[in-house]
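Report on one structure; see the data block that follows.
On a predicted model such as this, the values are computed, not experimentally measured, just so you know. Below, read A as the first sequence line, B as the second, and so on, with proteins coming before strands; counting in each chain starts at 1.
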Amino acid sequence: MKAGVAAALLTHYDRHARALPWRVPPGSAERPDPYRVWLSEVMLQQTTVAAVIPYFAAFTTRWPTVTALASAEDAEVMAAWAGLGYYARARNLLACARVVAGQHGGRFPDTEEGLRALPGIGGYTAAAIAAIAFSRRAVVVDANVERVVSRLFAIEAPLPTSRPAIRDATDAITPERRAGDFAQAMMDLGSSLCLPRNPQCLLCPLRESCAAHLEGRAEAYPVKPPKKDKPHRLGRVWWLERADGYVWIERREAKRMLGGMTGLPTSAWDKRDSDKRSPSKPEPPLAGEWTALNQPVDHVFTHFRLTLTVERLRVTDARPEGAGQWWPLARIGEAGLPTLFAKVARAVMEGGDD
DNA sequence: AATCCGTGGAA
DNA sequence: TTTCCAAGGAT
C-alpha cells in the first residue's frame, strides 16, 4: 500500500501538476534554483499561492540572487514585503540571505540539517527545500499533508496531538526517489481535491487507498480542537499632516506587532472593557487640537480584532517627538505601510474632511 | 507546550 | 456577515 500511494500520486502529478513561477515541471531536466525555492517556501508559510505570486515576481525581479538580496537595505525589503503579513518572515529572510551570502559563499546548504540552522527555516521549510531543490529524501509535512494523511489513515486523534503519528505515516509513504515531487504532489492534492470542506473524493487518485473516504467521512478529518474567540482591542492612531503635503510616519520596533515596518503613531491597544487603570494616558506625538474621523478603522489580526479611532491634526511645521520622518503624501503608496496603516491612510484620504 | 505573529479569498 | 484557514517559525 505504501509504494502504491506514492506511485499513484506521482503519476497523477506528472499529468496535473500546477504550473507555478517557482516550480520546474515534473520530468524536466532543469534543476530548480535553491534561491527561488527558498524564497517561495518562506513566502508561502501560512500564505496562499494567489497572495504570493505577485510578491515572488517583484522580489525575483528586483533581487535575482540571494547575494543581491543580502545586499539590500532593511527598509527596502520590509517595504517590498508590506501587505504580505507575518513580518518576522521578512526580517528572517534578510538575516538568512546575509548568512548564506556571507558564510556559505552564496550557496544554500544542501541538507535538511544545514538548512534548519538558518533564520526563518524550520522543520517544514528545511525538508521542503532539501527535497525540492536538492533531491533529498525528506519527510515534508505541512497543513495540506496533515489533512491528506489524516484522511488516508483515518487518524482519530485531534491535532496537534496527532502530529507524531501523521509524521510517521508520511514517512512511511514518502518514496526514496522524487521526494520533492511527492511533497509538491501532496500539496497540490490538498489544495485542489483533498480540500478542508467538500473534498472531491471522486476525482482523487488516492480514493481507493483512503480510509476516510472508505468510511464515507473524509471531511471529518483532521479532527481539530475548538478555537478560541478573538478578543477585541481598542486604540487611537494619529494622522499628523503638514500643510505642504507630508505625513509623519515611524519605524516600528522589531519583535513586536508589525515589527520592523513603517507605521503611524498609535496609542497602546487596550482590551475592551478592561482596566480603567490604564497605565499611561494616550499621548499623541504632538500637542494640539486633534479631531477624530467619524469612521474608525477595523482590522482583524490572527489573535485579536482591533478598532482604531483615527485622530487628525494639520500643522504648518512641527518637529514631533520620537523617531520618525515626514513622508510625502503623493508617494504614500511607497511608504511600505502594512495593511492596518494602509487602511488608515485610505480612510483619511477618502473621508478625511469630516 | 502554548502563544504570538497578518492578510485576504472562499464559502 | 461570519467563519475558516493557507507551503509555519520563534519563543
Legend entry - 5′-ward residue of the pair A/Gly120/A/Lys227 relative to DNA chain C: A/Lys227
Legend entry - Residue met sooner reading DNA chain C from 5', once A/Arg147 and A/Pro119 are mapped to nucleotides: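 It is A/Arg147 whose nearest nucleotide is closer to the 5' end.
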Tell me: [atom1] of [X] to [atom2] of [N], nearest whole Å?
| X | N | atom1 | atom2 | answer |
| --- | --- | --- | --- | --- |
| A/Met187 | C/dA7 | CE | P | 8 Å |
| A/Trp22 | C/dA7 | CH2 | P | 11 Å |
| A/Asp229 | C/dT2 | CG | C1' | 13 Å |
| A/Asp142 | C/dC5 | CG | P | 15 Å |
| A/Leu93 | C/dG9 | CG | P | 13 Å |
| A/Trp38 | C/dG9 | CH2 | P | 14 Å |
| A/Leu195 | C/dC5 | CG | C1' | 12 Å |
| A/Glu41 | C/dG8 | CD | C1' | 11 Å |

Inset, instruction - Kindly indicate whether a cation-pi arrangement holds for A/Arg242 with A/Tyr246, taking the cut-offs as under 6.0 Å to the six-membered ring centre and within 45° of the axis. - result: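 Because its charged atom sits under 6.0 Å from the ring centre and within 45° of the axis, A/Arg242 does stack over A/Tyr246.
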Which part of the nucleic acid, if any, lies within reach of [X] when heavy atoms closer than 4.0 Å are counted: base, sugar-phosphate only, or nothing?
| X | result |
| --- | --- |
| A/Trp81 | nothing |
| A/Leu39 | nothing |
| A/Arg23 | base |
| A/Ser40 | nothing |

Inset, instruction - State, to 0.1 Å, how close A/Ala179 and A/Ala138 come at their nearest heavy-atom pair, and which atoms those are. - result: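 Result for this residue pair: CB-N, 3.9 Å.
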Legend entry - C1'-based separation of B/dA2 from C/dA7 [nearest Å]: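 Pairwise C1' distance, C/dA7 against B/dA2, rounds to 23 Å.
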Legend entry - Interatomic distance at P, B/dG6 relative to C/dT11, whole Å: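 It works out to 14 Å between them.
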Legend entry - Sugar-phosphate or base contact per nucleotide [nucleotides 1-11 of chain B; S, B, -; heavy atom under 4.0 Å]: --SSBBBS---
Inset, instruction - Using atom types as modelled and distance alone, determine if a side-chain donor or acceptor of A/Arg151 lies under 3.5 Å from a backbone N or O of A/Ala218. - result: yes
Legend entry - A/Glu219 and A/Arg197 ion-paired at < 4.0 Å: no
Inset, instruction - Inspect the contact between A/Arg136 and A/Asp110 and indicate whether a charged nitrogen and a carboxylate oxygen are less than 4.0 angstrom apart. - result: yes
Legend entry - Worked check of side-chain contact (heavy atoms from CB on, under 4.5 Å) between A/Trp269 and A/Leu234: CA-CA 5 Å; A/Trp269 303 341; A/Leu234 302 174; over 6 Å; no
Which donor-acceptor pairs under 3.5 Å do side chains of residues 247-254 of chain A form with protein atoms, sequence neighbours excluded?
unit_1   : atom_1 : unit_2   : atom_2 : d
A/Arg251 : NH1    : A/Gly260 : O      : 3.0
A/Arg252 : NE     : A/Met257 : O      : 3.0
A/Arg252 : NH2    : A/Met257 : O      : 2.8

